[in-house]
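Let me begin by presenting the structure, written as structure tokens, before commenting on it.
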Amino acid sequence: EDQVTQSPEALRLQEGESSSLNCSYTVSGLRGLFWYRQDPGKGPEFLFTLYSAGEEKEKERLKATLTKKESFLHITAPKPEDSATYLCAVRVTGNQFYFGTGTSLTVIP
Amino acid sequence: GAVVSQHPSRVICKSGTSVKIECRSLDFQATTMFWYRQFPKKSLMLMATSNEGSKATYEQGVEKDKFLINHASLTLSTLTVTSAHPEDSSFYICSARQGDSPLHFGNGTRLTVT
């Protein structure tokens, strides 16, 4: 069964304390892994797409990496404004996407 | 680029009435649009997928007569919750994609049925 699991469920960091969020997946035929940021009461905001193992993408303090079984979202020296829920999703075929339940990140000043 | 606009952001309606939610792609043509429902601290639950000019494909367990989806143009899809009940209260989010692009999401609609 196709599945996406994110960990941890919640993460509290001090400002400047770097860490990583994990997204592990078991799908038959990955056709893209996506990271989104979701603020409370808002829709998810697209961050990155990764297609193949070894691929990396960066944006400001965020860096996403991909292996054959999981993806990491590395946050370097986070700031309070990075506080949000981070969702990952995998695309299997056509329009079939599976979402994880997210990691709620809180960055404390 | 890739802006999706969803309206209204909040709506309160009485039990038994219907409410329509609009989803527009502002700067691209959305070949496919999706409607999700999100429960607190839960993942996005796909309700239906629609292609322009075609009938929506509903996920198992989603009542198509209750959640009417229309995708009349390449930039507009609507979700109508008919005969709403308190258990329909939720956060509804639309998303859209053009061809092989990632999903781009609207800002959601908080529906409260009293």
Side-chain angles (χ1 to χ4, degrees), chain A residues 1-11 21 23-25 27 29-52 55 57 59 64 66 71 73 84-106, chain B residues 1-10 21 23-26 28 30-52 54 56-60 71 77 90-112:
Chain A
E1 183 183 331
D2 296 331
Q3 199 166 1
V4 178
T5 304
Q6 289 188 248
S7 62
E9 191 175 310
L11 182 62
L21 314 182
C23 172
S24 63
Y25 59 92
V27 298
L30 178 73
R31 297 189 63 184
L33 185 140
F34 307 87
W35 281 99
Y36 290 86
R37 169 191 171 129
Q38 186 175 22
D39 292 300
K42 302 287 186 183
E45 174 191 348
F46 171 70
L47 294 173
F48 303 110
T49 306
L50 301 165
Y51 288 105
S52 55
E55 191 175 355
K57 293 272 179 75
K59 180 181 178 181
L66 181 65
S71 176
L73 184 65
T85 294
Y86 291 85
L87 295 170
C88 80
V90 300
R91 180 185 166 208
V92 180
T93 62
N95 286 313
Q96 210 168 10
F97 291 81
Y98 293 95
F99 280 84
T101 51
T103 293
S104 175
L105 174 66
T106 303
Chain B
V3 179
V4 176
S5 175
Q6 187 174 340
H7 291 280
S9 57
R10 291 179 176 273
I21 303 169
C23 179
R24 293 180 185 272
S25 57
L26 298 186
F28 67 101
T31 45
T32 310
M33 285 187 165
F34 307 79
W35 287 94
Y36 291 87
R37 187 170 174 176
Q38 190 173 36
F39 296 97
K41 297 188 178 181
K42 296 288 185 184
S43 186
L44 297 165
M45 184 191 86
L46 179 65
M47 298 174 67
T49 302
S50 72
N51 293 295
E52 182 261 341
S54 303
T57 302
Y58 289 81
E59 295 298 301
Q60 194 172 9
H71 190 167
S77 177
S90 193
F91 191 54
Y92 293 88
I93 311 176
C94 72
S95 72
R97 66 192 301 234
Q98 180 181 36
D100 217 29
S101 76
L103 298 177
H104 295 281
F105 288 86
N107 266 332
T109 297
R110 172 68 61 191
L111 170 63
T112 303

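Letters A, B, ... mirror the listed sequences (proteins, then strands); counts begin at 1. When reading the values below, keep in mind they use all heavy atoms of this one structure, side chains included, and skip hydrogens, waters and symmetry mates.
Proximity to chain B is limited to the side chain of A/Gln38, based on heavy atoms less than 4.5 angstrom apart. Contacts of A/Phe97 with chain B are made by side-chain atoms alone, with heavy-atom separations under 4.5 Å and no backbone atom involved. Of the atoms belonging to A/Phe46, it is side-chain heavy atoms, and not backbone ones, that fall under 4.5 Å from chain B. Heavy atoms of B/Arg97 lying under 4.5 Å from chain A belong exclusively to its side chain.
Judged by distance alone, with hydrogens and angles left aside, the side-chain atoms of A/Thr101 form no donor-acceptor pair with the main-chain N or O of B/Ser43 at under 3.5 Å. Under a 3.5 Å cut-off, the side chain of A/Tyr36 and the backbone N or O of B/Phe105 do not form any donor-acceptor pair.
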Open item on the list: Pair B/Asp100, A/Arg91 - check side chain to side chain contact (heavy atoms under 4.5 Å, CB included), show working.
Closed with: CA-CA 11 Å; B/Asp100 217 29; A/Arg91 180 185 166 208; 2.6 Å; yes
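One distance of note links OG1 of A/Thr85 with CD of B/Gln38; it measures 8.0 Å at 0.5 Å rounding. Atom OG1 of B/Thr57 sits about 9.5 Å away from atom CG of A/Asn95, to the nearest 0.5 Å.
Within a 6.0 Å radius of NZ in A/Lys42, other residues, nucleotides and ligands contribute 12 heavy atoms or fewer. In B/Arg10, the CZ atom is not crowded: 12 or fewer heavy atoms of neighbouring residues, nucleotides or ligands sit closer than 6.0 Å.
For A/Gly43 against B/Asn107, the heavy-atom pair with the smallest separation is N-OD1, 3.3 Å.
Residues B/Leu103 and A/Pro44 fail the side-chain proximity criterion, which asks for heavy atoms closer than 4.5 Å.
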